[in-house]
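To start, the structure under review is shown below, and the notes come after it.
These values consider heavy atoms only, across backbone and side chains, with no hydrogens, waters or symmetry-generated copies. Numbers restart at 1 for each chain; the letters A, B, ... are given by sequence-line order, proteins then strands.
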There are 2 protein chains.
Amino acid sequence: MNATDILKLHNIKKTAGRLAIINALQESTCPLSENEIKELMLESYDRITFYRNIQTLTAVGIIHKIVVDNTLIRYGLNCCETVHEHSAHRNTHAHFYCEQCHSVVCLQEVKIPEFCLPEGFISADSDIIIKGKCEKCNH
Amino acid sequence: MNATDILKLHNIKKTAGRLAIINALQESTCPLSENEIKELMLESYDRITFYRNIQTLTAVGIIHKIVVDNTLIRYGLNCCETVHEHSAHRNTHAHFYCEQCHSVVCLQEVKIPEFCLPEGFISADSDIIIKGKCEKCNH
DNA sequence: ATATATTTGCAACATTGTTTCATTTGAAAA
DNA sequence: TTTTCAAATGAAACAATGTTGCAAATATAT
């Protein structure tokens with residue numbers, strides 16, 4: 001699905017900045033950092049607008065933010081098939097962070113389980129970050 | 001165990017800043033933010049030294065850092081019994097973040113499972129953050 | 001008590017994220 | 001097509017967060 005249609009589907013305005021972010025993420029097989037997206041956006045990148053668009057795109061469920069560490073953040077495009085799940089703001093899968101090449105991979109196969117919580121606690125969403133060595137780095 | 005002994009056990013120097021951080025965390029039942037620790041440290045707080053000590057204390061396994069979001073970080077004291085596990089830098093339990101009162105709770109009972117990863121991926125450590133409403137906020 | 005490696009605290013800087021507000025623009029209606 | 005208006009942009013200014021170099025101070029072992 002192209003960027004224009006994705007925006008239309010979520011009822012938010014089609015703007016240069018948003019299209020550029022979505023296109024950048026579509027060009028990649030894995031989630032990207034702000035700087036990586038910035039490189040791909042070329043002249044259409046503006047830092048303030050970027051933050052605001054990331055906010056909006058996350059809020060409507062077009063992308064998701066992966067916080068590996070406070071100084072290590074990635075943004076990933078949601079699959080169109082899972083749009084409805086995401087618009088309910090629930091993570092569906094775990095993320096993998098490779099400590100060697102610093103890439104982040106969406107592990108679509110590794111689903112978020114229901115955790116058994118102590119009495120009184122109610123879960124709305126969970127983040128799972130698995131750290132280690134990715135397939136490419138395991139020679 | 002008191003702060004002095006904890007430092008000695010891990011073979012790092014006993015300094016005012018480190019003792020103050022450990023004491024602050026021992027006064028609390030749950031992990032604290034930098035500002036919360038700062039309040040408890042009083043005049044012995046220095047921002048740069050704080051960051052460096054957090055680094056050191058984390059590296060030797062006295063405390064652990066919980067990154068709920070890039071702008072929402074907590075530091076928790078490790079239990080002495082689990083010191084050996086922690087010095088191997090492996091998380092043992094999941095963390096809960098209450099979206100209402102913004103507190104973080106160590107869910108000692110909720111152990112980190114072994115995730116079934118795709119071919120080629122090797123896990124060294126995992127972070128699990130469960131978000132929702134804590135017992136206190138569920139009236 | 002002394003020696004020495006570690007730690008501290010300051011200055012200065014770099015990065016990251018937010019708010020306000022005037023201007024521009026997308027998209028719907030006339 | 002032109003008009004209209006809420007939404008989005010981008011600049012300035014700020015706030016918070018995190019890092020590095022370096023001289024002075026200090027914890028521990030001898």
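Summarising the geometry, the separation between CG on A/D46 and P on C/dT18 is reported as 14 Å, rounded to the nearest angstrom. Computed from coordinates, the B/M41 CE to C/dT8 C1' distance equals 12 Å when rounded to whole Å. As rounded to whole Å, 13 Å separates atom P of D/dA8 from atom CG of A/L19. Between the C1' atom of C/dA5 and the CG atom of B/N11 lies a distance of 15 Å, rounded to the nearest Å. Distance, A/L9 CG to C/dA27 C1': 17 Å, rounded to whole Å. To the nearest angstrom, C1' of C/dT6 lies 11 Å from CG of B/N53.
DNA chain C contains the following stems of three or more consecutive Watson-Crick or G-U pairs, with both distances under 3.5 Å: C:1-30 with D:1-30.
Side-chain atoms of B/D127 never come within 3.5 Å of backbone atoms of A/I129 as a donor-acceptor pair (strictly under, hydrogens ignored). The closest donor-acceptor contact from the side chain of B/E119 to the backbone of A/E135 lies at 3.5 Å or more, if one exists at all.
Counting only heavy atoms from C-beta outward, the side chains of A/N23 and A/L40 never approach each other to under 4.5 Å. B/I122 places none of its side-chain heavy atoms less than 4.5 Å from the side chain of B/L117. The side-chain heavy atoms of A/L77 and A/I62, taken from C-beta on, include a pair separated by under 4.5 Å.
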### Task
Report, as a single string ordered 5' to 3', how protein heavy atoms within less than 4.0 Å touch nucleotides 17-30 of chain D: B base, S sugar-phosphate only, - not at all.
BBBBB-----BS--

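By the 30° and 60° cut-offs, the orientation of the rings of B/F96 relative to A/F121 is perpendicular.
Pairs engaging residues 42-51 of chain B under the salt bridge (charged side-chain N to carboxylate O under 4.0 Å, His left out) rule: none recorded [sequence neighbours left out].
B/Y51 and B/E34 are linked by a side-chain donor-acceptor pair at a separation below 3.5 angstrom, with hydrogens and angles left out of the test.
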